[in-house]
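See structure below.
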Amino acid sequence: MAAIELEAVEKRFGEVRALAGVSLSIASGEFFTLLGPSGCGKTTLLRTLIGFEAVDAGSVSVGGRPMTQVPTSQRNMGMVFQSYALFPHMTVAENVAFGLKNRGVSAADCASRVAKILETVHLAGFGDRTPEQLSGGQQQRVGLARAMVIEPLVLLMDEPLSNLDAKLRVQLREEIRALQRETGITTLYVTHDQEEALAVSDRIAVMNQGQVQQVGTPWEIYHAPANAFVASFVGRINFVDAEHLDPGGAPGQIAIRPEDVEVSTEAHEDLGEDLSLRGATLSSTFTGPVVSYAVDCGPAGQVHAERHSPAAEALIPPGTEVFLRFPAAALARYDRATGRRL
Amino acid sequence: MHRSPWTLVTALGFALVALLLVAPTLGVFQSSFYDASGERLSLGNYAELFGNGYYREALLNSVLVSLAGTLGACLLGVPLALLTTRFAIPGKRLLKTLAVLSLLSPPFIGAYAWILILGNNGFLRHWLSALGIDAPTIYGPLGIALVFALQFYPLVFLLTASGLSTVDRSLDEAAESLGATGASKLFRVTLPLVLPSLSAGALMAFMLALANFGTPMILGETFRVLPTLAYNKFTSEVDENPGLAATLCIVLILVSTGAILLQRWLASRRKVVARLTHRARVERLEGWRHWLATAACYGIVGWSTFPLGVIATYSFRKTSGPVFQPGFDLGNYRTVFHVVPTAVSNSVAFSFAAVSLIVVIGTLLGYVVSRQRSAATRVLDPLLMTAYTIPGIVLGIGFVMTFSRLPLPLLGGGLIMVLAYFIRRLPYTVRSSAAILEQVDPAIEEAATSLGASPVRAFGLVTLPLMVPGVVAGAILSWVTAINELSASIVLYEGHTVTMPISIYHCVVDGMYGAAAALSTLLIVATGVALFVVNSLVGVEEAVTP
Ligand SMILES: Nc1ncnc2c1ncn2[C@@H]1O[C@H](COP(=O)(O)OP(=O)(O)OP(=O)(O)O)[C@@H](O)[C@H]1O
Ligand SMILES: [Mg+2]
C-alpha cells in the first residue's frame, strides 16, 4: 500500500499556479525526493501534505487515510525545516520532548526516548544546551531528532541541509540516509541540489512550474530523462539541432552529455552508427578529475566535451581544430517544440 | 480552511474599532452639522468657523504654535542626534533615558513648572530682575512653543538617531571623496538621507503639539487654540455649543490628517534604501571640541529635565495656601492624600485596568495582523492606526456624543475612562506586538503544530513566550501614557472618577501649587520607575518609537 498518495493536487497563490495537477504515489519505506528549480512548487507540495496550506483541488492521503480535512496537529507527520525552526526558549531536550508531551507520553518514558534519539543523532550530552549554543549542523540534528522521536507516519524535509557548508552537507546527508534505512520511515525530501538528490534517493520526482516532469530512480532520471527539461536540469547536456549533425535523419534536437562526447585532434574513422562534428576548441577548464572543453562547431553551436584528466601533454590548447564523436548509444532525440523524448 | 479562533479575534478587533473609534468620530462629524439647539441640520458651524475671525485665528494659532514647537523640537533633537551618533559622547544611555523621561512625563507638568520658573512669581524672573533684566513672559504662544519643543524633541532625536545609524558609512565617505565636507556634507548628503526618519519624528511632534490641551490651557491665557476652544465650547455653561465644538474637532482631525499625508509625500520623494554594510563610524573628538559637544548634549537634555527637577524640589517646599514659604516639609504630600486620595486610587485603578485590556487584546490583534494575513486584517491595521489622528479631546467629546445616545450605561463611570485609555494606546501595542513577531521565524510555530500542538497550544507554548519581553515593555509604556492622560479624561470624568492629571490641572488653575507639585512628582517618579524597568527589559528607544 502506498504510504503517500497525491491525486491531481492544485494550489494557487493568486495568479501563480504553484501546484498544477500533481499526482504522486510514494511507497512505504521509500526515500523519495522532490527535485526542481527554485519556485517550481516543492515547498508548496510539502506544505499542503502536512496541512500548512489547504489544497484548492485534488486529494491527499497518507497510509490510505484522506488528509484534506485533518488539521496539521493530528496528521502525525514529522517535518524538518530549512531554517531548523527550533524553539529558542527551550533546551535541546525540551525541543525534542515537545511532540511527546503533546501526545501525553509519561515523563519517564519521554526522558528515555529523548535520550535515545539524541544518541542516535550523535548529540548525547547536549540535552541541556539551548539551540543558540549549537552549530548549524548540530541544530539540524536536533530538528531531525525532534521530528523522528514522535515516530511519524512520514518524515518531510525541506532543504534541510542548504544552510550548511559543503562538507557537512555530504556527511549529514549520509547520516540521514543511514538513519532512514534503519528506521524504514517513509521520507519525502526536498532539494534543488541534483547531486544530493541522486546520491540519497530511492526515487526522484523532477518538478517544473508546478508539474511533475518525471518520476524515476536516480539512474533513470540521469540516463533516461523523459524530456528535454529533465535532461538539462539533471546534470549537464549538449543540445544540437539534428539537421547539423544528421542531415538525412529525423528532425528534432539531439542531446548528449559532455562525458559521452569523445574529443580527438584527429578525424574519427569507421563511425558506423555514431555521429560526428568538427570544431575548434574555445577554452578548456581543468577541475581536477576532468578537463572540460568548450568547442565551437560553427552553425551547430557550442558543444561541451569532458575527458578524464589526461596527462599534461595531452591537454588540447584553445584554438585547436578537433573532431567530436557522438556514440549512438549515448544519443537521445527530443521534439523541438514539446521537449518530449522521441 | 479550518475555522480558527483567530477569526473571532479579528471580529473583536473590528467591533472595538467600530465602537470606540468609528462611532465616536462619526458622532462628532454628525454633530458638526447641527446648530446650537442641536435640532436643525445646517452648515452654520462651518460658516461660523471659517467666517468668524475669532475661530480662524484659533485655527491659525494652533497650526503656528505647533509648527513653532516642532521647529524647536528639530533644533534641539537633530543636533543631539548628530552629536550622539557621530561622536563618542560619555553617558549616551543616560542622555537617552532622560530625554525619554521628559517625553513621557505629562506636558502640562512642564507647563506648570515653567510657571514656577518664569511665571509672574517665578524664581528665575526674580533673580533676573534683581540683576536688572526683565525676563520674557512664559504665558502666551512663545511659552507654549517652548514647552512643546522641550517636551517633544526626544521624538525627533530618537528617530533621527536611528536613521543616522542606518546610513551607510560609505555614502558619507563617497561624499567626502567628492569634496563635500563639513556643513556642505551635512546639508547635502547626511540630512537628506535621514529625511524620512527625521520627518517622521517631526510629524509625531507636530501631531502631539496640535492635539495638546493642557499646555495651552495653563499657559494660554487669552491665546486660544483649537483643543482649548473645543473644550470650552463643549463644557462651558455660558456659551455651550456642542455643534461648534464638534466642528472644531473635525477641523483638528483634518489638520492632523493633512500633516500625515504631507509627511508621507515628503518621505516617499526621498526613499532611501539603506543597505547597511558599513555601520556609521563613531569618532572620538579631541580636546575642547569633545567638551563642547558633550556640553551641548547635556545642555539640551538638562534643559528639558530641569522643569521636572524644579517640580520635584517645589513639592517639598512649605506652603501656606497658594504661596510657597521658605523651608521644606512633607505638607504637600499630606494635602494630596487628604484632599484628593480618590485621584490617586482612580489613576492607579484605571491605568492598570486599561493596560490589562491593552496587553491581552493588543497582543492577540498584533498576532492576527502579522500572522493571519487576510483581506480583513489588512483593513484592520490601518483602521486602528486612525487612532493616531484623533486627538484626546476629540475622542473624549466623541465618546460623550456617542454614548449618550446609545443605551449603554458607560458615561460617568470609570469604565469610560478605561476605554478611552485603552483605545488611544491600543494601536501602539498592536504595532509593537506585530513588530516583535516579525522577528520570530513563522516556521517555529508550524514546527509546533507539526509536532501535534493545536494552533492555540502552539501560540501559548511557543509564540507567546517569545513575545513576552517586548509585550511587557509595551505594556509599561502604555501604563505610563494612561496614568499621565489628561485631554480625553478631562472631558469624560465626573467627581468620583477624577484622576491625578485632572487634579493637577485643577490645582494649578485654583492656585494650589504645592499640591500640584506633589501630585506631579508622584507621576514623574512613576514614569521614571516604569522607564527604568523598560530600559532593563528591551532598551527605551525600541519601545517608544513605533
Ligand atoms: N504564501 C505564498 N504566497 C504567494 N505565493 C507563494 C506563496 N508560497 C509560494 N508561492 C509561490 O508559489 C510558487 C512555488 O513556490 P515554492 O515555495 O513551493 O517553490 P520551491 O520549489 O520550494 O522553491 P525554492 O527552491 O526556491 O524553495 C512560487 O512561484 C512562489 O512564488
Ligand atoms: Mg522551497
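Numbered from 1 within each chain, the chains take letters A, B, ... in sequence-line order.
By the neighbour-count criterion of 12 heavy atoms within 6.0 Å, atom CZ of A/Phe13 is densely surrounded, having more than that number from other residues, nucleotides or ligands.
Applying the side-chain contact (heavy atoms from CB on, under 4.5 Å) criterion to B/Ser356, with sequence neighbours excluded, gives no partner residue. Among residues two or more places apart in sequence or in another chain, the side-chain contact (heavy atoms from CB on, under 4.5 Å) test is passed with B/Leu383 by B/Phe14, B/Val17, B/Val379.
Summarising the geometry of B/Ala447 relative to A/Ala85, their closest heavy-atom pair is CB-O, 3.9 Å, with the distance given to 0.1 Å. Across all their heavy atoms, B/Ser450 and A/Phe52 have their closest contact at CB-CZ, 4.2 Å. Minimum interatomic distance between A/Ser73 and B/Ala453 (heavy atoms only, all atoms of both residues): CB-O, 3.2 Å. Of all heavy-atom pairs between B/Leu466 and A/Pro88, the closest is CD2-CG, 3.6 Å.
Residues of residues 455-464 of chain B that come within less than 4.5 angstrom of chain A, heavy atom to heavy atom, are B/Arg457, B/Leu461, B/Val462 in numerical order. Contacts with chain B (heavy atom to heavy atom, under 4.5 Å) involve these residues of residues 100-137 of chain A, listed by number: A/Lys101, A/Asn102, A/Arg103.
A distance of 11.0 Å separates CG in B/Asp441 from CZ in A/Phe87, rounded to the nearest 0.5 Å. Going from atom CG of A/Asn76 over to atom CG of B/Leu451 covers 10.0 Å, rounded to the nearest 0.5 Å.
Contacts between A/Arg47 and chain B at a heavy-atom distance below 4.5 Å involve the side chain alone, from C-beta outward. Residue A/Leu86 touches chain B through its backbone alone, counting heavy-atom pairs closer than 4.5 Å.
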